[in-house]
Engineer: 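Next up is a structure, given as structure tokens.
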There are 2 protein chains.
Amino acid sequence: MNKQEKSVLAAKTKVLKAMAHPARLWMVEQLAVGERCVCELVDGLELDYSTVSKHLLILKNAGVVEDDKRGKQVFYSLKVPCVLNFMHCVEAVLKG
Amino acid sequence: MNKQEKSVLAAKTKVLKAMAHPARLWMVEQLAVGERCVCELVDGLELDYSTVSKHLLILKNAGVVEDDKRGKQVFYSLKVPCVLNFMHCVEAVLKG
DNA sequence: TTGTTGTTTGGTATAATGACCAAATTTTGA
DNA sequence: TCAAAATTTGGTCATTATACCAAACAACAA
């Protein structure tokens, strides 16, 4: 494996890791329905604002979501809807 | 979020986490081509046998791969080929 | 200006991961 | 049997993740 292959692999891994956490995956599924402000995600997850904010940063850095500040609130939305297709496959894995 | 929703989420997360590591993702991509013995994966990754073996166990426990012992060697193969479809989406994420 | 709401940042303690080494296991071959 | 080859298991240690608290910031309202 050369240096370039390694960096491609690292980049893909970053996207997968971003979604590989229950709170983050839940948020991705919510955002698939439509944009949400941080407050709504905090409500749903019952986690600290600081925690949710950091999770969102991870998703954002991975390129999975984007944010939009409107007034006092920040709205997050799914940047790449195809990530959901994958979840069908994950469900297939779960069924064996 | 009730107990059942949480456990479904945990199960999906397990599958994602299993692939969210460069060595494991590389192995999944190799296995997509065809089955491989542990020795071949060790060769390609340049990691310890023990390390690779543990990575494979994680993939197996997640339901992503299966193993087949033939003689002295153990061959691993991809149990759910659709996981690869997802990688196309990941690549889309990478392109922004 | 001051206060309030919504969000992010910094810090810290704790838990989970991942890499290696050594040792145990399993299968085959001499 | 005994030894070698392929793999797994157990243990340790360093690194990374994650949760919470406190404090900082930004936008708006009084």
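Numbered from 1 within each chain, the chains take letters A, B, ... in sequence-line order.
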Engineer: With nearest nucleotides of DNA chain D determined for B/Tyr49 and A/Lys54 from heavy-atom distances, which residue corresponds to the more 5′ nucleotide?
Structural biologist: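 Per heavy-atom nearest nucleotide, the more 5' residue is B/Tyr49.
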Engineer: Under 4.0 Å, heavy atoms only, any strand: does B/Tyr76 hit a base, just the sugar-phosphate, or nothing?
Structural biologist: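 It contacts sugar-phosphate atoms only.
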Engineer: Rounded to whole angstrom units, what separation is found between the CD atom of B/Gln73 and the P atom of C/dG29?
Structural biologist: 12 Å
Engineer: Is any side-chain N or O of B/Thr51 closer than 4.0 Å to OP1 or OP2 of C/dG18?
Structural biologist: no
Engineer: Roughly, in whole Å, what's the span from CG in B/Leu47 to P in C/dC21?
Structural biologist: 12 Å
Engineer: Are any of the side-chain nitrogens in B/Glu66 or B/Lys60 under 4.0 Å away from the carboxylate oxygens of its partner?
Structural biologist: no
Engineer: Could you tell me the separation between the NE2 atom of A/His55 and the P atom of C/dT9, rounded to a whole number of Å?
Structural biologist: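 Answer to the nearest Å: 15 Å.
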Engineer: Rounded to the nearest 0.5 Å, what separation is found between the CG atom of B/Leu9 and the NZ atom of B/Lys6?
Structural biologist: 9.5 Å
Engineer: Take the protein atom CG of A/Leu45 and the nucleotide atom C1' of D/dC20, then report the distance between them rounded to whole Å.
Structural biologist: 15 Å
Engineer: Given atom CD of A/Glu40 and atom C1' of C/dT5, what is their separation to the nearest angstrom?
Structural biologist: 15 Å
Engineer: Please state how far atom NZ in A/Lys72 lies from atom C1' in D/dC28, giving the value in whole angstrom units.
Structural biologist: 5 Å
Engineer: Contact class for B/Arg70 vs. all strands (heavy atom < 4.0 Å): base, sugar-phosphate, or nothing?
Structural biologist: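 Nothing, no nucleic acid heavy atom in range.
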Engineer: Check for me, please, whether A/Ile58 and A/Val74 land in the same ILVMFWY cluster - side-chain distances under 4.5 Å, paths through other members count.
Structural biologist: no
Engineer: Do the charged groups of B/Glu29 and B/Arg24 touch, with an N to O distance under 4.0 Å?
Structural biologist: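 A salt bridge is absent here (no side-chain N lies under 4.0 Å from a carboxylate O).
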Engineer: Report yes or no: do B/Met1 and A/Leu47 belong to one cluster of Ile/Leu/Val/Met/Phe/Trp/Tyr joined by side chain heavy-atom distances under 4.5 Å?
Structural biologist: yes
Engineer: Which nucleotide wins on minimum distance to the side chain of B/Lys17, given the candidates C/dC21, C/dA16, D/dT8?
Structural biologist: C/dA16
Engineer: As a test of understanding, state which of A/Leu59, A/Val52, A/Thr51 forms a side-chain contact (heavy atoms from CB on, under 4.5 Å) with A/His55.
Structural biologist: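 Running side-chain contact (heavy atoms from CB on, under 4.5 Å) over A/Leu59, A/Val52, A/Thr51 with A/His55 returns exactly one hit, A/Thr51.
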Engineer: Taking only N and O in the side chain of A/Ser53, is any of them less than 4.0 Å away from OP1 or OP2 of C/dT8?
Structural biologist: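 Affirmative; the distance criterion is met.
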Engineer: Using a strict 4.0 Å threshold on nitrogen-to-oxygen distance, state whether B/Asp68 and B/Arg70 make a salt bridge.
Structural biologist: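 Yes, B/Asp68 and B/Arg70 are salt-bridged.
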Engineer: B/Lys69 NZ to C/dT25 P: how many Å, rounded?
Structural biologist: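 In whole Å, C/dT25 P lies 13 Å from B/Lys69 NZ.
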Engineer: Would you tell me if any nitrogen or oxygen in the side chain of B/His21 comes within less than 4.0 Å of OP1 or OP2 on C/dA19?
Structural biologist: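 Indeed, a polar side-chain atom of B/His21 lies that close.
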Engineer: Nearest whole angstrom, please: distance from the P of C/dA13 to the CG of A/Asp48.
Structural biologist: 17 Å
Engineer: Map every base of DNA chain C to its dot-bracket character, where paired means a Watson-Crick or G-U wobble contact with both distances under 3.5 Å and | marks a partner outside the strand.
Structural biologist: ||||||||||||||||||||||||||||||
